[in-house]
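This report refers to the structure that appears directly beneath it.
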Amino acid sequence: MSASTSGCRRAARGLGTIARTRLAAFGFAAFWFAAVAGVVVFSADGALAADAARADCPPSAAPIDAEHFRAALRDAVADHGFLWRIERDGRVSYLYGTIHVAGPEWMFPGTLTKQALAASDTVALELDLLDPGLAGRLANSAKASAGEALPAELTERIDRRTLAECMDPARLRALAPEFQVAALGVAAARREGVDAAYAIDLVLAVAGRVLGKQVVSLETPESQAGALRAPTREATIELVRDGLDDLDSGHAGALVARLADVWRTSDLAALDDYARWCGCARSDADRQAMKVLIDDRNVLLAARIDALHGTGHAVFAAVGSLHMIGPQGLPALMRGRGFRVDRLVPAP
């Protein structure tokens, strides 16, 4: 075996881990690629909705009209997720760990989270999916390009999975192979009682506008696409195969359900222990994949939050909860940048 072939196989194994990690954690990239694919739509009148479903399809999200949204936003009391207060230079901002699938009964921010939102002038998300300027860039980042055809065996598996999840095969095939699998993973989450139509990031994008806040993106579609794109055809094939195996076995769905419950109950100890129970950080390749997907992006996210705060904004920065844990998590990085960091949810 040549050194180059060996290197490609090592890269493919690492990218297979990326597929498992992404599908298990439902990182934001998987969510917005699913949105591009049409799994989730946002209606013109401000209601959340999902594609229509056959009788044997997984349950679809119930539409939430603007009046119901405002009432639920006003009345929600219980806090979910993970919230920190950060302070420097006499100004206060916030870090909020989100999840990219949720249930309608726990999708709205509770009392402490709403207070933090009210005290902020800017809601900063990984990507603001309601920004019309991102639509074309999202589509371009996710679409298939020449030379990305998969082996017939994998194409047939994707088609079977697509039909089982009540998705449009033609629309899904417009996406690059990596993103087809990501979209299938988001769709399959509905069978676990959670839906990307209720994603906390999307709820906050709406809430920020309802509350009159500036809503901004911390990342770009192109940078997030880079975290999921495989560098070679061999690596793409391995990534797709591993992702489909995890979906077909139910492993990905079980991880989604557990992570959703961790977020719902604000179980920070379990979140901190994610690398052990997810089964996605057992080897050097696994850990390198986690570093690319989480730690490396954290450095850039922290710099962007710091820059917004430094220009006089009170920032409510909401990103996936896995970006909040460990020595390279955002609370630790903001401490290193001279912020005082105090946890609010769960209570210390």
Side-chain angles (χ1 to χ4, degrees), residues 28 73-100 102 106-128 199-219 262-272 274 294-295 297-348:
F28 201 78
L73 181 63
R74 179 194 65 228
D75 297 338
V77 174
D79 285 289
H80 307 285
F82 310 93
L83 178 66
W84 289 262
R85 179 184 188 272
I86 63 174
E87 181 179 2
R88 195 188 66 191
D89 303 328
R91 289 190 305 280
V92 174
S93 289
Y94 297 89
L95 300 175
Y96 186 56
T98 66
I99 191 168
H100 310 311
W106 42 273
M107 62 187 277
F108 291 97
T111 300
L112 291 177
T113 310
K114 283 188 290 190
Q115 289 174 0
L117 277 167
S120 305
D121 59 60
T122 299
V123 176
L125 307 169
E126 292 177 39
L127 287 179
D128 173 18
I200 304 307
D201 314 79
L202 186 52
V203 171
L204 291 172
V206 181
R209 288 165 168 83
V210 169
L211 297 173
K213 310 298 181 181
Q214 174 184 227
V215 182
V216 302
S217 297
L218 293 169
E219 297 183 291
V262 165
W263 190 88
R264 181 184 61 82
T265 59
S266 301
D267 189 342
L268 187 58
L271 186 70
D272 281 334
Y274 173 78
I294 306 295
D295 293 351
R297 289 171 60 208
N298 284 355
V299 174
L300 301 177
L301 289 167
R304 176 73 169 132
I305 295 166
D306 191 347
L308 286 168
H309 182 93
T311 54
H313 291 288
V315 184
F316 185 91
V319 302
S321 294
L322 292 177
H323 292 282
M324 300 295 177
I325 57 176
Q328 294 301 310
L330 287 177
L333 292 181
M334 301 315 287
R335 247 185 228 103
R337 287 175 169 268
F339 285 80
R340 173 176 173 172
V341 180
D342 298 300
R343 193 176 78 232
L344 302 179
V345 179

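Residues Val215 and Ala205 approach most closely at CG2-O, 4.2 Å, considering heavy atoms. Here the closest heavy-atom approach between residue Met107 and residue Ile200 is recorded as O-CD1, 3.5 Å. Here the closest non-hydrogen pair linking Pro109 and Val203 is CD-CG1, 4.3 Å.
Expressed to the nearest 0.5 Å, how far CZ of Phe339 lies from CD1 of Ile86 amounts to 4.5 Å. One distance of note links CD1 of Ile325 with CG of Asp272; it measures 5.5 Å at 0.5 Å rounding. Between the CG atom of Leu218 and the CG atom of Leu125 there is a distance of 7.0 Å, given to the nearest 0.5 Å. The CE atom of Met334 lies 10.0 Å from the CE atom of Met324; values are rounded to the nearest 0.5 Å. Separating the CD1 atom in Ile294 from the CD atom in Gln328 is a distance of 12.0 Å, to the nearest 0.5 Å.
You'll find the side chain of Phe82 reaches within 4.5 Å of the side chain of Val262, heavy atoms only. Within the 4.5 Å cutoff, the side chain of Val206 has no heavy atoms near those of the Leu73 side chain. Leu268 has its side chain within reach of Arg343: a pair of non-hydrogen atoms, C-beta onward, lies under 4.5 Å apart. When side chains are defined from C-beta on, Phe316 counts as touching Thr113, because their heavy atoms get closer than 4.5 Å. Side chains of Leu300 and Glu219 form no contact here, defined as non-hydrogen atoms less than 4.5 Å apart. Under the 4.5 Å side-chain criterion, counting only non-hydrogen atoms from C-beta, Glu87 is not in contact with Asp342. When side chains are defined from C-beta on, Asp79 does not count as touching Ser266, because their heavy atoms never get closer than 4.5 Å. Looking at heavy atoms from C-beta onward, Gln214 lies in side-chain contact with His313 at the 4.5 angstrom threshold.
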Checking His100 against Glu126 for the side-chain contact (heavy atoms from CB on, under 4.5 Å) test, could you report, in this order, the C-alpha distance in whole Å, the side-chain angles of both residues, the deciding distance, and whether it holds? CA-CA 11 Å; His100 310 311; Glu126 292 177 39; 3.8 Å; yes
Determine whether Leu117 and Tyr96 satisfy the following criterion, side-chain contact (heavy atoms from CB on, under 4.5 Å), listing intermediate values before the conclusion. CA-CA 10 Å; Leu117 277 167; Tyr96 186 56; over 6 Å; no
Between Leu322 and Leu271, is a side-chain contact (heavy atoms from CB on, under 4.5 Å) present by the stated rule, with each step listed? CA-CA 7 Å; Leu322 292 177; Leu271 186 70; 3.8 Å; yes
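The pair Arg209-Asp128 meets the salt-bridge criterion, with a side-chain N (NZ, NE, NH1 or NH2) lying under 4.0 Å from an Asp/Glu carboxylate O.
Sparse packing is recorded around CZ of Arg340, with 12 or fewer heavy atoms of other residues, nucleotides or ligands lying under 6.0 Å away.
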